[in-house]
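The analysis underlying the following values was restricted to heavy atoms, covering all of them including side chains, and did not include hydrogens, waters or symmetry mates. The structure displayed is predicted, hence computed values, not measured ones.
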Amino acid sequence: MGVRFEELAWRETPIGAISLRRRRDPALDVEVYEVKLDDEFLMSSLFPVAEIELARLGLAPLAGPDLDVAVGGLGLGFTARTVLEDDRVASMLVVEAVEDVIDWHRRGLLPFAAGLAADPRTRFVRADFFAAVAAGTGLDPDHPGRRFDAVLLDVDHSPRNVLHPSHAAFYTPAGVRRLAASLRPAGVFALWSDDPPDPAFEDVLAEVFTAAESHVVRFPNPLTRGESANTVYVAHSPA
């Protein structure tokens, strides 16, 4: 059965107190892992579908082997773990701002992400994804200007609902254009959002990339016994 509730980790960070907790949901008869920032829920293991689809939809358009992938935001690890399930992936750089989140995975606190930290293709970088893009030096501090076949981002709730005001500039044409410089020809930028497709952000992607699609990912919600939906934006750089 296990304990009904346990706080596995807690730390004060520049954007608030982040915590990882595990609880037993008696109604669903499952263990639920949740991440909170102060009193706000960031993610739950009950709803991994769109995070998984972020990786699948982001990698699907790519051709060829030996893909180099960057993931912005580690969280519970569903996106990164799904990236590693693609045999074409040669390397995965995970950019995470909170060292404790990386530590959760290194300590094996998340059983559904087992093997993520130990996979030789994985490399963690403790850095602010948005600050790295704004600086224009690239996502890999050891290799300035490095380019990737795909960059997958899941940090903010949506382009309009950001976790910190400093992130907002990323979702402008200038911000997204700086990110596009980190992509190889025919590379892909994919973004998770908790909101429905945003026409204003779709216009931003259309201004910067050669093509972009907004995928509405629907999934059953065991709490409401209904259906919920997230959005995954997928944008393509020129070949």
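A donor-acceptor contact shorter than 3.5 Å links the side chain of R147 to the backbone of A181. In this structure, the side chain of R126 engages the main chain of A97 through a donor-acceptor pair within 3.5 Å. In this structure, N221 contributes its side chain and E227 its backbone to no donor-acceptor pair below 3.5 Å. Of the possible polar contacts, none joining the R11 side chain to the V98 backbone as a donor-acceptor pair under 3.5 Å is found. D149 places no side-chain N or O within 3.5 Å of a backbone atom of V69 that could act as its donor or acceptor partner.
In this structure, Y171 and F130 have tilted ring planes: the angle between them lies in the 30° to 60° band.
Here the shortest heavy-atom pairing between V95 and A127 reads CG1-O, 3.6 Å. Pairing each heavy atom of G75 with each of E96, the nearest pair is N-OE1, 3.9 Å. Across A80 and V94, no two heavy atoms sit closer than the pair CB-CG2, 4.5 Å. Between P61 and G58 the shortest heavy-atom distance is CD-O, 3.5 Å. Residues A55 and T79 approach most closely at CB-O, 3.6 Å, considering heavy atoms. Counting all heavy atoms, side chain and backbone alike, A63 lies closest to L67 at O-CD2, 4.1 Å.
In this structure, L110 and H105 have side chains that are in contact, with non-hydrogen atoms separated by less than 4.5 Å. Proximity of V32 to S44: side-chain heavy atoms (C-beta onward) are separated by under 4.5 Å at one or more points. Here the side chains of F189 and V208 are not in contact, with every heavy-atom distance at 4.5 Å or above. No side-chain heavy atom of V204 sits less than 4.5 Å from a side-chain heavy atom of E207. Between E53 and N230, every side-chain heavy-atom pair lies at or beyond the 4.5 Å cut-off. Annotation: side chain of R184 is not in contact with side chain of S237 (no heavy-atom distance under 4.5 Å). Using a 4.5 Å heavy-atom threshold, the side chains of F201 and S214 count as separate. A heavy-atom distance below 4.5 Å is not found between the side chains of V101 and F124.
V234 and V216 end up in different hydrophobic clusters when Ile, Leu, Val, Met, Phe, Trp and Tyr side chains are linked at under 4.5 Å. No single ILVMFWY cluster, assembled from side-chain heavy atoms under 4.5 Å apart, contains both W10 and L20. Connection of V30 to M43 is established within a shared hydrophobic cluster, with ILVMFWY side chains joined at heavy-atom distances below 4.5 Å, either directly or through further cluster members.
In this structure, W104 CH2 and Y33 OH are separated by 12.5 Å, a value rounded to the nearest 0.5 Å. Distance check: E34 CD to L8 CG gives 11.0 Å after rounding to the nearest 0.5 Å. Here CG of D68 is found 12.0 Å from CE of M92. Values are rounded to the nearest 0.5 Å. Within the model, atoms CZ of R23 and CZ of R4 stand 8.5 Å from one another, a figure rounded to the nearest 0.5 Å. Atom CZ of R81 sits about 8.0 Å away from atom OG1 of T122, to the nearest 0.5 Å. For the atom pair CG of D100 and CD of E12, the computed distance is 11.0 Å after rounding to the nearest 0.5 Å.
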Residue pair L116, L74: steps toward the side-chain contact (heavy atoms from CB on, under 4.5 Å) verdict:
CA-CA 11 Å; L116 168 58; L74 177 56; 3.9 Å; yes
Could you go through the salt bridge (Lys or Arg N to Asp or Glu O under 4.0 Å) check for R123 and D142 one step at a time?
CA-CA 11 Å; R123 180 169 152 237; D142 292 343; 2.8 Å; yes
Give the intermediate values and the outcome of side-chain contact (heavy atoms from CB on, under 4.5 Å) for residues D194 and N161.
CA-CA 9 Å; D194 192 37; N161 186 5; over 6 Å; no
Where do F129 and L179 land on the side-chain contact (heavy atoms from CB on, under 4.5 Å) test, with the steps shown first?
CA-CA 10 Å; F129 178 94; L179 180 281; 3.9 Å; yes
Step-by-step side chain to side chain donor-acceptor pair (under 3.5 Å) determination, E40 to H157:
CA-CA 11 Å; E40 184 177 12; H157 294 302; 2.7 Å; yes
Given L139 and V133, is the side-chain contact (heavy atoms from CB on, under 4.5 Å) satisfied, shown in steps?
CA-CA 7 Å; L139 299 174; V133 171; 3.9 Å; yes
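With a 6.0 Å radius and a threshold of 12 heavy atoms from other residues, nucleotides or ligands, R218 has its CZ atom at or below the threshold.
Among Y233, F170, W192, the one residue that satisfies the side chain to side chain contact (heavy atoms under 4.5 Å, CB included) test with L153 is F170. Among V188, L205, L183, the one residue that satisfies the side chain to side chain contact (heavy atoms under 4.5 Å, CB included) test with H236 is V188.
In this structure, the ring-ring contact (aromatic ring centres under 6.0 Å, His included) partners of F78, at least two apart in sequence or on a different chain, are F112.
At a threshold of 4.0 Å, the pair R160-D198 counts as salt-bridged, since one of the basic side-chain nitrogens sits closer than that to a carboxylate oxygen.
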